[in-house]
Asks: 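Right, I'll just put the structure down here and ask away after.
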2 protein chains.
Amino acid sequence: MSSKDTPAIRQSKGGVQSVERAFGLLECIANSAGSATLSHIAADVNLPLPTIHRLLNTLVNLGVVRQLPDRGYALGPGLVRLGDIAGSQLGAIARPYLRDLVAELGESANVATMDGDMVVYVDQVASERQMRMFTEVGRRAHMHATGVGKAILAGLDPEQVRHIAATAGMPTPTEHSVGTIGELEAELERIRERGYAIDEQEQELGVRCFAMAIPDAPAPLAISVSGPVSRVDQAFADRAIPLLRSAAAQISSDMRGGV
Amino acid sequence: MSSKDTPAIRQSKGGVQSVERAFGLLECIANSAGSATLSHIAADVNLPLPTIHRLLNTLVNLGVVRQLPDRGYALGPGLVRLGDIAGSQLGAIARPYLRDLVAELGESANVATMDGDMVVYVDQVASERQMRMFTEVGRRAHMHATGVGKAILAGLDPEQVRHIAATAGMPTPTEHSVGTIGELEAELERIRERGYAIDEQEQELGVRCFAMAIPDAPAPLAISVSGPVSRVDQAFADRAIPLLRSAAAQISSDMRGGV
DNA sequence: ATCGAGTTTCCGTATTATGGATAATAACTT
DNA sequence: AAGTTATTATCCATAATACGGAAACTCGAT
């Protein structure tokens with residue numbers, strides 16, 4: 001499951017070839033979890049060895065890739081920094097509104113984006129409560145098993161949803177998780193009707209979560225509030241949903257407004 | 001403070017120009033917090049507009065940069081993913097040992113690397129205790145004010161240390177923090193003698209931390225255990241130091257061993 | 001000590017990125 | 001609302017740049 005995952009390297013017209021190739025290599029290393037040797041990479045992306053070697057050298061000099069003592073290549077710390085900044089920038093616009101949500105509702109609020117076929121949490125404002133959700137920023141999770149993920153999926157084409165479900169798979173972290181594409185599609189329809197997604201202990205037992213997509217965002221984005229089922233109940237939802245709705249609207253307009 | 005931070009773009013011989021330039025642009029966007037407009041970027045990196053535009057286009061197509069509705073450019077979600085994977089890969093080798101440390105000592109353990117002139121936490125295993133350190137993965141901190149940072153600094157050339165202190169500055173988060181280069185150098189000398197670093201409430205009041213650098217790591221790396229001063233005392237240190245030492249040695253050999 | 005898979009360097013070639021000039025678009029001004 | 005400027009996007013001839021075949025080298029295995 002490695003020679004087909006990276007379908008060579010997409011070359012879009014008007015793009016700079018070497019840059020596209022360079023990121024193809026990064027993708028390739030990212031997919032082959034851990035290190036990847038030169039020839040291993042050459043097998044995946046379809047390029048002559050010297051070319052790959054030269055590109056990798058450049059990336060190593062840039063600190064984006066690090067070369068292991070056994071000559072293998074791995075993603076380097078430079079990417080940690082860039083990724084961190086990228087995430088915080090995405091989250092930065094949303095943060096003040098998340099803070100309001102937390103202040104108002106007393107539960108943790110999150111922003112997540114879709115990357116590839118997974119959800120990535122880009123920012124979180126944790127509640128002050130003792131027992132609270134512990135969703136690390138940067139964590140990745142399956143779309144169908146999270147509130148934010150389902151909220152995002154509900155805004156995509158059905159075929160795109162199928163494709164994501166197919167490539168990422170549909171594991172069921174708990175017995176409440178959605179397990180089949182049929183169920184998922186029905187669930188997404190419900191989400192579209194009511195305007196928000198519910199994660200009913202689907203990601204973790206005892207945790208309920210309300211999520212909503214940010215309309216017209218530059219990247220697929222959703223926000224959520226989550227907490228233990230004991231506190232996050234119907235009464236909570238009645239207070240939370242309008243707040244989520246207005247937060248989503250404001251974030252959306254902030255993002256369109258630039259800065 | 002923006003036209004001098006990015007000293008054009010470093011071009012190392014044997015490197016692929018366009019790739020180096022592309023990452024120069026990413027750096028530039030990263031530095032100009034939030035969005036950066038085309039001409040703003042052109043002012044920082046010293047390149048003709050069409051060239052920048054073409055490179056940015058490529059990066060946008062790759063999902064690494066996103067273009068805002070006001071035509072500004074910002075780092076995109078693709079980087080979040082790569083950075084996340086890069087971080088977890090760096091941390092992955094260390095994680096099992098961190099787990100052991102936490103199991104044995106009952107306090108949170110961290111791995112951090114140096115990136116630029118800052119420390120970045122790449123992984124953490126949190127203790128099960130109620131009151132625990134809340135160091136998010138991906139967080140950046142000043143070298144001189146953290147245990148891991150000082151442990152790493154202790155292994156660098158004095159001039160490099162000076163340079164880092166000069167460029168990053170030396171803020172003092174608490175009244176215990178090291179505030180001058182003189183103090184720092186003395187402290188680093190002590191660290192070299194005893195073989196580990198102590199963060200004595202220098203980052204946050206009430207928090208003590210023992211840290212040790214990973215020798216011969218592919219990137220500067222250090223591990224630490226930290227917790228409230230009430231629990232993390234001399235008796236704790238007596239248990240912790242040998243464990244840290246052996247963990248560091250094992251991680252080091254694992255990293256040299258490849259995979 | 002010999003071999004061979006995998007990695008790195010070399011260098012002539014032409015493919016590829018380049019950037020000056022120009023057009024299109026947005027922002028400001030009167 | 002029309003004119004003006006600043007900013008961004010597109011063309012395309014040029015040559016500089018990245019390319020990749022071939023050959024040297026390194027390291028682990030036999």
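We use all heavy atoms of the structure for the numbers below, so side chains are in, but hydrogens, waters and symmetry mates are not.
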Asks: Which listed nucleotide (C:dT18, D:dT8, D:dA18) is nearest to the side chain of B:Leu49?
Replies: D:dT8

Asks: Check every atom of D:dC19, C:dT18, D:dA9 against the side chain of B:Arg21 and return the nucleotide holding the closest atom.
Replies: C:dT18

Asks: Mind checking whether B:Ile29 and B:Leu56 have side chains closer than 4.5 Å, heavy atoms only?
Replies: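 Of all side-chain heavy-atom pairs linking B:Leu56 with B:Ile29, at least one is under 4.5 Å.
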
Asks: Can you find a side chain N or O atom of B:His53 that sits less than 4.0 Å from OP1 or OP2 on D:dA9?
Replies: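 Answer is yes, contact under 4.0 Å.
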
Asks: Rounded off to whole Å, could you give me the CG-to-C1' distance for the B:Leu38 and C:dA24 pair?
Replies: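 Computing the B:Leu38:CG to C:dA24:C1' distance gives 14 Å.
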
Asks: Could you walk me through whether B:Arg192 and B:Glu189 satisfy the salt bridge (charged side-chain N to carboxylate O under 4.0 Å, His left out) test, starting with their C-alpha distance in whole Å, then the side-chain angles of each, then the deciding distance to 0.1 Å, before giving a yes or no?
Replies: CA-CA 5 Å; B:Arg192 276 187 288 267; B:Glu189 185 49 38; 3.3 Å; yes

Asks: Out of C:dG19, C:dT9, D:dT8, which nucleotide sits closest to the side chain of B:Ser39?
Replies: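 That would be D:dT8.
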
Asks: Compare all side-chain heavy atoms of B:Ile241 with those of B:Met212 and state whether any distance is below 4.5 angstrom.
Replies: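 A side-chain contact under 4.5 Å exists here.
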
Asks: In terms of side-chain heavy atoms of B:Pro50, which of C:dG20, D:dC19, C:dA17 is nearest?
Replies: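 Of C:dG20, D:dC19, C:dA17, C:dG20 is nearest to the side chain of B:Pro50.
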
Asks: Find the distance A:Gln67:CD to D:dC27:P and express it as a whole number of Å.
Replies: 12 Å

Asks: Would you say A:Arg54 places a side-chain N or O within less than 4.0 Å of OP1 or OP2 belonging to D:dA18?
Replies: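 Answer is no, no contact under 4.0 Å.
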
Asks: Less than 4.5 Å apart, any side-chain heavy atom of B:Val65 and any of B:Leu25?
Replies: no

Asks: C:dT7 phosphate, OP1 or OP2: any side-chain N/O from A:Tyr73 under 4.0 angstrom?
Replies: no

Asks: Figure out the CG/P separation between B:Leu47 and C:dG19, and round it to whole Å.
Replies: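 Computing the B:Leu47:CG to C:dG19:P distance gives 7 Å.
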
Asks: Given atom CG of B:Leu55 and atom P of D:dT17, what is their separation to the nearest angstrom?
Replies: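 Taking atom P of D:dT17 as the reference, CG of B:Leu55 is at 14 Å.
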
Asks: For D:dT7, does either OP1 or OP2 sit under 4.0 Å from a side-chain N or O belonging to B:Thr37?
Replies: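 The answer is no; no side-chain N or O of B:Thr37 sits under 4.0 Å from OP1 or OP2.
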
Asks: Measuring from the side chain of B:Ser18 (C-beta onward, heavy atoms only), which nucleotide among C:dT9, C:dA17, D:dA9 has the closest atom?
Replies: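 Closest nucleotide among those given: C:dA17.
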
Asks: C:dG6 C1' sits how many Å from A:Ile41 CD1, rounded?
Replies: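 Checked: the CD1 to C1' distance equals 13 Å.
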
Asks: Can you check whether B:Met114 reaches B:Leu156 side chain to side chain, under 4.5 Å on heavy atoms?
Replies: yes

Asks: Can you find a side chain N or O atom of A:Gln17 that sits less than 4.0 Å from OP1 or OP2 on D:dC19?
Replies: yes

Asks: Rounded to whole Å, how long is the line connecting atom CD1 of B:Ile52 with atom P of D:dT8?
Replies: 10 Å

Asks: Rounded to whole Å, please give me the gap between CD in A:Glu20 and P in D:dA18.
Replies: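 After rounding, the gap between these two atoms is 15 Å.
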
Asks: Between D:dA6 atom P and B:His40 atom NE2, what is the distance in whole Å?
Replies: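 Rounded to the whole Å, the gap is 18 Å.
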
